Q: 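A single structure is presented below for examination.
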Amino acid sequence: MDKIYFDNAATTYVRPEVLDIMLPFFSERYGNPSSIYEIARDSKKALEHAREQVAKALGAQPEEIFFTGSGTEADNWAIRGIADLYKNRGNHIITSSIEHHAVLHTCQYLDKNGFETTYLPVDGDGLISLEDLEKAIRPSTTLITIMTANNEIGTLQPVKEIGEIARKRGIAFHTDAVQAVGHVPIDVKAMNIDLLSLSAHKLYGPKGVGVLFVKKGVPLKPLIFGGGQERNRRAGTENVAGIVALGAAIELASGELGEESARLSKIRDKIIDGILSSIPHTRLNGSREKRLPNNVNISFQFIEGESLLLLLDMKGIYASSGSACTSGSLDPSHVLLAIGLPHETAHGSLRLTLGRGSTEEQADYLLQELPAIVSRLRDMSPLYEDYLKRKG
Amino acid sequence: MLYSEKVMDHFLNPRNVGEIEDASGTGTVGNVKCGDIMKVYLKISDDGTVEDAKFKTFGCGAAVATSSMATEMIKGKSIDEALRITNKAVMDALDGLPPIKVHCSCLAEEALHAALWDYAQRKGIIIEGLKPPVNDIGEHDEVMAY
């Protein structure tokens, strides 16, 4: 069997039809959109076409779309931009404890510089409570930033309701939708979103391109200063090839969204049910119902995630884990700890994220190989030995 | 992050996995918080030679590989020689570890020392230069299985 890529939340490949569209912008169509002659105008037109494609996919206006260098940059810009814009009105930000580090570390930076952030807790499924949110709001709150879909456990937050609360209280609402766009329907108007971040390489576009949607009338100041690109909001010569590719990729993803998410949900459920029924001492992390169609996250007790990934790799299956050893720190994933997992169970988590290349056959192969791998690691685990002895 | 071929070999084909029923000494070190626990079993003959060594490890590739290598290295050694097996020696024998994994090799040295300490306690002897193990195992006893 060919290699099985179950790590689409980390990144996706560039779709061949998208690559075809972007390639000429590296060679023949290389003009700088800010220049005046023909090949520059060609680039400018392509750039604006991509802006329209992105706007359409989000239910936004083209002038509300700003291209950035990454989803992370979009998150940084949204949070620091709003904090700065309304600093005379207040210094309080509300976010959740399971945000991506692009959001969390930005808020933590602001906390050290005169701002104050409330990190809302989540329940066992990874959902914030709207009641908690209402209670956390102060007269000084200027920004609520809550992710649309969690990158580790796939939980979908009640974005529309959060947006409603924010709007009612006159607070700006930003959502990190990097894992959601192209996978679940997004409509910034219907969902009361003021600012939204997305990234091209999670939806079959290239790495190095992101977008910040900023609702008309929010005079966000730049994070990056320089030339007059992006209507004086985001300086730096545009990554035209990448932006054109993002436009094409998001248009394709929007068109296929319903069908593809139904297809992936089916494979996802097969994997979840298959693992939970065939391997004891396992649990699903994240909400069963309010979940990205392509996300599986399961904890295997008594074993450690990196070992699991290495053995899966030997079987040609690529996946990820929330264990400390794979996070590059000594602590396991903050998301898994926030939903209440004890450390050792957090260390034994496996994230499988499906994509366009995923098939039922791949799920069957995974389900066939996984039990032996888990047994092998449990057989060498002192924690499992202790458990068996305690059980008697 | 890249593991050496030797690390991968010892991870994929770990030597000495298991338990020794009538072990002369056992040692468990590590901490579920940071995700590594090593348990080492030693069988030591009357003349003070390490006849056999086994391990069980909950941990990453580096933790398993260092457990495997450390138990290989201690077999056949006298207690004095066993005490001189350092984390650096284990790491060198594995052709090195990525920087963030160096603590795994410390755990292997600590596990060997903890097992030797247990042996000394049981025998009622003092091994020159051996310190009591730091016991920071915790939490996992309280965890409910599901």
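Letters A, B, ... mirror the listed sequences (proteins, then strands); counts begin at 1. Source: prediction; values computed, not measured.
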Q: Does any backbone or side-chain atom of B:A63 lie under 4.5 Å from a heavy atom of chain A? Answer side chain, backbone, both or neither.
A: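 No part of B:A63 comes within 4.5 Å of chain A.
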Q: Looking only at heavy atoms, what is the nearest atom pair of A:S307 and B:G61, with distance?
A: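 The pair with the smallest heavy-atom distance is OG-N, 3.8 Å.
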Q: Specify the closest pair of heavy atoms between A:L310 and B:F11, including all atoms of both residues, with the distance to one decimal.
A: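 Heavy atoms of A:L310 and B:F11 come nearest at CB-CE2, 3.4 Å.
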Q: Looking at every non-hydrogen atom in both residues, tell me the closest pair between A:M380 and B:P14 and how far apart they are.
A: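 Minimum heavy-atom separation between A:M380 and B:P14: CE-CG, 3.6 Å.
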Q: More than 12 non-hydrogen atoms from neighbouring residues, nucleotides or ligands closer than 6.0 Å to NZ on A:K290, yes or no?
A: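 For A:K290, atom NZ is not crowded (no more than 12 foreign heavy atoms under 6.0 Å).
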Q: Counting only heavy atoms not in A:K207, do more than 12 sit closer than 6.0 Å to its NZ atom?
A: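 Atom NZ in A:K207 is crowded, with more than 12 foreign heavy atoms closer than 6.0 Å.
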Q: Any chance you could measure B:L12, atom CG, to A:M314, atom CE, to the nearest 0.5 Å?
A: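 If we round to the nearest 0.5 Å, B:L12:CG and A:M314:CE are 4.5 Å apart.
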Q: Measuring heavy-atom distances to chain A, does B:P98 have an atom under 4.5 Å in its side chain, in its backbone, in both, or in neither?
A: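 No part of B:P98 comes within 4.5 Å of chain A.
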Q: Could you tell me the separation between the CG atom of A:D386 and the NZ atom of B:K56, rounded to the nearest 0.5 Å?
A: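 With rounding to 0.5 Å, CG (A:D386) is 9.5 Å from NZ (B:K56).
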Q: Return the OG1 to CD distance between B:T28 and A:E385, rounded to the nearest 0.5 Å.
A: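 With rounding to 0.5 Å, OG1 (B:T28) is 8.0 Å from CD (A:E385).
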Q: Please check if the number of heavy atoms outside A:K112 that lie under 6.0 Å from its NZ is greater than 12.
A: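 Not more than 12 within 6.0 Å, no.
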Q: Please report the interatomic distance CD(A:E304) to OG1(B:T57), rounded to the nearest 0.5 Å.
A: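 Rounded to the nearest 0.5 Å, the CD-OG1 separation comes out at 11.0 Å.
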Q: Please lay out, stage by stage, how A:L383 and B:I37 fare under the test side-chain contact (heavy atoms from CB on, under 4.5 Å).
A: CA-CA 8 Å; A:L383 299 179; B:I37 294 179; 3.5 Å; yes
Q: Shortest non-hydrogen contact from A:P382 to B:K39?
A: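 Distance-wise, the nearest heavy atoms are CB-CB, 4.0 Å.
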Q: Can you name the nearest heavy-atom pair linking A:E306 to B:C60, along with the distance?
A: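 Where A:E306 meets B:C60 most closely, the heavy atoms are OE1-CB, 3.4 Å.
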Q: Under a 4.5 Å heavy-atom cut-off, does chain B meet the side chain of A:R376, its backbone, both or neither?
A: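 Contact with chain B is through the side chain of A:R376 alone.
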Q: Closest heavy-atom contact between A:F302 and B:F58?
A: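 Minimum heavy-atom separation between A:F302 and B:F58: O-CD1, 3.2 Å.
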Q: Is B:I125 atom CD1 crowded by more than 12 heavy atoms from other residues, nucleotides or ligands, each under 6.0 Å away?
A: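 Above 12, so yes.
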Q: Is it the case that more than 12 heavy atoms not belonging to A:Y109 sit under 6.0 Å from its OH atom?
A: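 No - once you tally the heavy atoms of other residues, nucleotides and ligands closer than 6.0 Å, there are 12 at most.
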